[in-house]
Amino acid sequence: MTIPSDRHPVRLRRSVLCVPADNARALAKVAVLECDAVIYDLEDAVFPEGKAKARAMLVAHLAEKRRPNLEVVVRINSLSSGFGEQDLAALVSVPVDALLLPKVESPQDIQAVADFLSDNDAPETLRLWAMIETPRGVLNAAAIAETGRTRGGRLDCFVPGTNDLRKETGVPDAPGRPYLVPWLMQILLAARGSGLDVIDAVFNDFRDGQGYEAECAQGRAMGFDGKMLIHPAQIGPANDHFGVEASALAEARLVIDAFALAENADKAVINLEGRMVERLHLDQALRLSAKATAIRHKGTRA
Ligand code: COA
Ligand code: MG
């Protein structure tokens, strides 16, 4: 059975680790970490005076053999910062999977980079991710997400930036993120409306394991695909929380098996042990099962 879905085939993005591009020790560590994706950061993790050196270090690092099954993303500086064009020029012919654009506020912010990439013959496989981390970005999230559907739009994934959002709006950091949740859900809804993935924001206090686990559980319950991370200690719990629970997989198998029975071949809705189950539940079950298979093949925990 194939997975009928508007979204791309399952791509694991449970744990997405940020690595400052100018930190040689952190760069060297990536090869042994079990994150699904890495975001090498040229933006806020690098001081303006250090941008050129960081860019050169990153290009040299990316020329090395990467570990299999690692999605490689680079967060570049915005075009308006004065560093973005140099970042793009340096990365257009380097093997990376996606560029993460910071502080995206309008569809034009995506289109300008997509046009640069097309004009410079970047392969179609080079995708774009967008950080939604300003009030205007949140307000325009649906229109921004739509650029993923345009020709050459390249957009794959949204990442909310709660540190910038707090700074721009005055909402303080608080457990449970009560006043940020409505905006996070708005970003998530906009992403899903255009078939994009969406990754939950970073948790700064990397020594607070309990607080971090609670936020992972919250992010999963909100529907995020994974979490953006700042420290290696955060990878294991993210793989767990955004993985597939054994009970959910067993449940999915029941649904798949039930619809595979000859007697249900032409039924849109069935009675499964006293519960109504529809074909849309079959779609969900197949997607979950494909995710579990992807995790098994990867050989990481959860
Ligand atoms: N990626 C890879 N390795 C990392 C890492 C990261 N993001 N953060 C820490 N490490 C490594 C350290 O280099 C250290 O390894 P070492 O002993 O071989 O040097 C080990 O993990 C333990 O690190 P620790 O001492 O606990 O933390 P630190 O003081 O070295 O670093 C931070 C703390 C917050 C500065 C660091 O985690 C960091 O820079 N995170 C990413 C920040 C970022 O990208 N921000 C922008 C996006 S939100
Ligand atoms: Mg930011």
Side-chain angles (χ1 to χ4, degrees), residues 13-48 50-51 53-55 57-58 61-62 64 66-67 70-81 83-84 87 96 98-105 109 128-138 141 144 157-171 173 177 180 183-184 187 198-209 211-212 215-216 219 224 226-239 300:
R13 290 177 173 142
R14 298 165 298 172
S15 47
V16 180
L17 178 68
C18 285
V19 181
D22 61 352
N23 182 335
R25 288 184 77 101
L27 290 174
K29 249 200 162 63
V30 170
V32 298
L33 297 175
E34 289 195 331
C35 46
D36 289 333
V38 61
I39 297 173
Y40 295 109
D41 192 18
L42 290 167
E43 197 223 11
D44 281 352
V46 178
F47 216 53
K51 298 284 187 192
K53 184 172 168 224
R55 202 182 291 124
M57 281 175 74
L58 180 59
H61 173 77
L62 291 171
E64 291 166 20
R66 74 163 89 160
R67 118 169 128 60
L70 178 70
E71 185 169 23
V72 171
V73 182
V74 177
R75 183 164 75 171
I76 61 169
N77 294 280
S78 66
L79 291 180
S80 60
S81 70
F83 298 112
D87 293 342
V96 300
L99 301 177
L100 172 59
L101 314 184
K103 301 178 182 71
V104 172
E105 298 200 314
D109 290 341
L128 295 178
W129 291 20
M131 296 221 55
I132 307 296
E133 50 186 345
T134 63
R136 283 175 52 78
V138 178
I144 296 166
C157 190
F158 270 178
V159 189
T162 43
N163 283 324
D164 272 294
L165 264 177
R166 287 188 193 104
K167 170 177 168 260
E168 297 299 323
T169 60
V171 171
D173 197 356
R177 306 183 285 185
L180 289 174
W183 299 332
L184 292 173
I187 293 167
V198 56
I199 308 297
D200 197 2
V202 297
F203 183 83
N204 296 332
D205 190 354
F206 59 86
R207 301 265 191 255
D208 174 9
Y212 172 65
E215 199 172 281
C216 282
F224 286 106
K227 198 155 175 69
M228 184 174 177
L229 315 176
I230 50 163
H231 193 277
Q234 296 181 325
I235 295 171
N239 284 346
T300 51

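Whatever order the structure lists them in is the order used to number ligands and atoms, beginning at 1.
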Handout entry: ligand 1 to Ala45 polar contact by distance, N or O atoms, under 3.5 Å
Key = no
Practice task
Return the residue, atom name and 0.1 Å-rounded distance of the protein heavy atom closest to atom 26 (O) of ligand 1.
Solution key: His231 NE2, 2.7 Å
Practice task
Go through the steps to decide whether Met131 and Met228 satisfy the test side-chain contact (heavy atoms from CB on, under 4.5 Å), and finish with yes or no.
Solution key: CA-CA 11 Å; Met131 296 221 55; Met228 184 174 177; 4.2 Å; yes
Practice task
Could you tell me if any non-hydrogen atom of Val19 lies under 4.0 Å from any atom of ligand 1?
Solution key: yes
Exercise for the section: Please identify which atoms of ligand 1 are closer than 4.0 Å to at least one heavy atom of Leu17. Expected result: 1 (N), 7 (N)
Practice task
Kindly confirm or rule out an N or O of Arg75 lying under 3.5 angstrom from an N or O of ligand 1.
Solution key: no
Exercise for the section: Applying side chain to side chain donor-acceptor pair (under 3.5 Å) between Asn204 and each of Asn163, Asp173, Thr162, report the one that passes. Expected result: Asn163
Handout entry: ligand 1 contacted by Gln234 (non-hydrogen, < 4.0 Å)
Key = no
Problem - Within-cutoff protein neighbour (heavy atom, under 4.0 Å) for atom 8 (N) of ligand 1 - result: yes
Problem - His61 and Tyr40 aromatic ring geometry - parallel, tilted or perpendicular at 30°/60° bounds - result: perpendicular
Handout entry: Within reach of ligand 1, part of Met131 (heavy-atom separation under 4.0 Å)
Key = neither
Practice task
Give a yes/no on ligand 1: does Glu43 have at least one heavy atom closer than 4.0 angstrom to it?
Solution key: no
Problem - Min N/O separation Lys29 to ligand 1 under 3.5 Å - result: yes
Problem - Within-cutoff protein neighbour (heavy atom, under 4.0 Å) for atom 28 (P) of ligand 1 - result: no
Handout entry: Closest contact, heavy atoms only, Glu43 versus Ile76
Key = CB-O, 3.9 Å
